[in-house]
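Hydrogens, waters and symmetry mates are skipped; everything else that's a heavy atom, side chains included, is used. Per chain, numbering begins at 1; letters A, B, ... match sequence-line order.
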Number of protein chains: 2
Amino acid sequence: MTPLVHSFIAHFGEMGSRWGINRTVGQIYALIFVSPQPLCADEIAETLSYSRSNVSMGLKELQSWRLVRMKHKAGDRREYFDAPSDAWEIFRTLAEERRRREMEPTLSMLRSALLESPTSEEDRVAQERMRGMHDLIELMSTWFDDVQRLDAPTLAKLMRMGSRVQKLLELTGQLKSGSKE
Amino acid sequence: MTPLVHSFIAHFGEMGSRWGINRTVGQIYALIFVSPQPLCADEIAETLSYSRSNVSMGLKELQSWRLVRMKHKAGDRREYFDAPSDAWEIFRTLAEERRRREMEPTLSMLRSALLESPTSEEDRVAQERMRGMHDLIELMSTWFDDVQRLDAPTLAKLMRMGSRVQKLLELTGQLKSGSKE
DNA sequence: ATCAAATTTCACTAATTACTGAACGTTCAT
DNA sequence: ATGAACGTTCAGTAATTAGTGAAATTTGAT
């Protein structure tokens with residue numbers, strides 16, 4: 001393995017825990033991501049010096065995140081894996097999975113908590129704060145969903161505009177209020 | 001503790017690991033978040049049945065995330081803590097901290113990897129993919145920075161528009177190209 | 001049907017992370 | 001200065017998570 005690839009893989013191993021995956025999974029992903037061609041489990045285990053079973057688990061997890069795709073070669077029973085290389089696609093997938101795993105459970109907990117009628121002042125305050133949290137998470141969740149539908153170039157254009165969209169917003173605001181008057 | 005508050009705290013404990021914090025830290029935050037008034041370490045340790053030292057560590061971590069603020073009461077040496085209750089402020093803080101912890105280290109690794117000249121075809125491909133990743137992360141990073149500067153109402157308006165901003169974008173595109181012709 | 005090449009499962013060990021209690025340090029009222 | 005009330009640090013233990021190797025299972029060619 002070249003030093004360049006090695007440092008990339010090592011970094012993904014180290015960052016893994018911050019990203020909610022473990023070292024192995026991070027490194028397997030990094031390796032697949034930079035490889036010119038799909039890899040099979042044995043090649044991965046060999047390259048990273050992990051046990052075959054560990055690699056098997058790691059691949060399962062990466063598939064559950066939809067970060068790698070299984071491929072088959074004609075006349076070869078082994079499963080090969082590669083990773084989408086389009087960064088926007090990766091971002092979309094990651095956003096969607098995080099929403100599902102990190103936001104949805106909380107959203108449903110909050111929803112049911114907000115159905116209860118508060119029986120004390122303490123509960124009333126608590127519920128009020130939960131409502132604030134719920135509304136924001138729901139808004140972000142819908143927004144994610146919504147933005148996912150945009151194609152990559154539009155999304156990129158939008159992001160590059162950054163806070164300048166505010167100008168645009170002000171403009172439309174004026175148009176609207178102008179048309180009302 | 002009321003059942004309502006209890007289930008909220010329990011949920012944050014369980015979700016903690018998915019969010020990159022541990023059970024204790026999640027629960028401490030949840031408790032502070034729903035409390036009508038600031039709490040001191042002893043109250044927290046008592047309520048959640050954690051050791052005083054564990055609470056001390058947890059509070060340090062929450063402070064490092066800027067999710068809780070230290071308060072002082074006149075004539076009381078103890079440190080009290082409360083949490084910002086404005087959901088937008090919380091979101092902003094979280095986005096900023098995540099950018100700093102989860103994106104920046106990778107960005108700087110990628111930056112230096114892209115400075116190397118590839119010595120093989122393998123490296124060339126790897127570097128190409130790294131560039132795609134780098135460019136996206138940088139774009140998102142700048143976008144975060146940018147969007148942070150918007151005030152909460154504008155941000156909310158923008159998110160509620162969701163994918164409908166695309167229409168707006170098309171409109172401006174037309175205006176621009178129209179003015180050129 | 002049988003075998004060989006794969007993948008997966010699982011019980012076990014290793015490594016890491018979380019948590020505690022005791023010791024230590026600091027601050028402030030007396 | 002003394003000591004009580006806090007907050008912090010740290011070494012040790014508990015709990016959790018990661019990783020392994022052997023056994024079990026699946027798959028497909030013969």
Side-chain angles (χ1 to χ4, degrees), chain A residues 9-32 38-65 67-82 101-102, chain B residues 9-32 38-65 67-82 101-102:
Chain A
I9 291 175
H11 179 85
F12 268 63
E14 286 155 17
M15 293 297 287
S17 52
R18 292 200 197 180
W19 298 333
I21 54 176
N22 63 34
R23 192 167 59 104
T24 317
V25 173
Q27 295 195 352
I28 293 175
Y29 178 70
L31 176 60
I32 293 176
L39 302 173
C40 69
D42 280 316
E43 289 168 327
I44 297 168
E46 168 79 7
T47 310
L48 302 176
S49 312
Y50 286 126
S51 71
R52 185 62 189 68
S53 56
N54 197 8
V55 170
S56 176
M57 309 258 236
L59 287 169
K60 276 275 163 303
E61 173 146 10
L62 287 170
Q63 283 175 279
S64 84
W65 278 93
L67 285 169
V68 301
R69 293 175 299 211
M70 202 191 295
K71 297 268 164 121
H72 284 101
K73 291 189 182 177
D76 188 336
R77 274 170 52 198
R78 278 170 296 185
E79 296 167 347
Y80 287 80
F81 296 89
D82 72 354
R101 296 165 192 234
E102 299 180 6
Chain B
I9 291 175
H11 179 86
F12 268 63
E14 286 155 16
M15 292 298 287
S17 52
R18 291 199 197 181
W19 298 335
I21 55 175
N22 63 34
R23 193 166 59 104
T24 316
V25 174
Q27 295 196 352
I28 294 175
Y29 178 70
L31 176 59
I32 293 175
L39 301 173
C40 69
D42 280 315
E43 291 168 326
I44 296 168
E46 168 79 8
T47 310
L48 302 176
S49 311
Y50 287 125
S51 72
R52 186 66 189 66
S53 56
N54 197 6
V55 170
S56 177
M57 310 255 240
L59 287 168
K60 278 277 164 301
E61 174 148 9
L62 287 170
Q63 283 175 279
S64 84
W65 278 92
L67 285 170
V68 301
R69 294 175 298 210
M70 203 192 293
K71 297 268 163 122
H72 283 100
K73 290 189 184 178
D76 188 336
R77 274 168 51 198
R78 280 170 295 185
E79 296 168 347
Y80 287 80
F81 296 89
D82 71 356
R101 297 165 191 233
E102 300 180 5

Quiz prompt | Earlier contact from the 5' end, DNA chain C, for A:S17 and A:M57 | solution =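 Result of the comparison: A:M57.
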
Quiz item: Is the closest side-chain heavy-atom distance between A:Y50 and A:R23 below 4.5 Å?
Solution: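 Touching, per the 4.5 Å side-chain cut-off.
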
Self-check item: 4.5 Å side-chain heavy-atom contact, B:I21 and B:Y29
Solution: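 The answer is no, as the side chains (C-beta and beyond) never meet within the 4.5 Å cut-off.
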
May I ask you to verify if any side-chain N or O of [X] is less than 4.0 angstrom from the OP1 or OP2 atom of [N]?
X     : N      : answer
B:N22 : C:dT17 : no
B:R78 : D:dC6  : yes
A:R52 : C:dT8  : no
A:S51 : D:dG21 : no

Atom-to-atom span, [atom1] of [X] to [atom2] of [N] - whole angstrom:
X     : N      : atom1 : atom2 : value
B:Y80 : D:dG7  : OH    : P     : 9 Å
A:E43 : C:dT7  : CD    : C1'   : 16 Å
A:K60 : D:dA18 : NZ    : P     : 18 Å
A:R23 : D:dT16 : CZ    : P     : 22 Å
A:H72 : D:dT27 : NE2   : P     : 11 Å
A:I28 : C:dT7  : CD1   : P     : 13 Å
A:K73 : C:dA6  : NZ    : C1'   : 16 Å
B:D42 : D:dA4  : CG    : P     : 17 Å

Quiz item: For atom CD of B:Q63, is the number of surrounding heavy atoms from other residues, nucleotides or ligands below 6.0 Å larger than 12?
Solution: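 Yes - once you tally the heavy atoms of other residues, nucleotides and ligands closer than 6.0 Å, there are more than 12.
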
Practice problem: Output all residues satisfying side chain to side chain donor-acceptor pair (under 3.5 Å) with A:S64, sequence neighbours left out; order by chain, then residue number. | Solution: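 For A:S64 the side chain to side chain donor-acceptor pair (under 3.5 Å) partners, ignoring immediate neighbours, are A:R101.
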
Practice problem: Can you check whether any acceptor in the base of D:dG21 is under 3.5 Å from a donor in the side chain of A:S53, or vice versa? | Solution: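 Present.
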
Self-check item: A:R77 (side chain) and C:dA6 (base): donor-acceptor pair under 3.5 Å
Solution: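 Between C:dA6 and A:R77, which were checked side chain against base, a qualifying N/O pair under 3.5 Å is absent.
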
Exercise. For residues B:L48 and B:I9, report the shortest heavy-atom separation together with the two atoms involved.
Key: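 Result for this residue pair: CD2-CG2, 3.9 Å.
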
Quiz item: If you find the nucleotide of DNA chain D closest to B:A41 and the one closest to A:N54, which residue's nucleotide is nearer the 5' end?
Solution: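 On the 5' side of the pair lies B:A41.
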
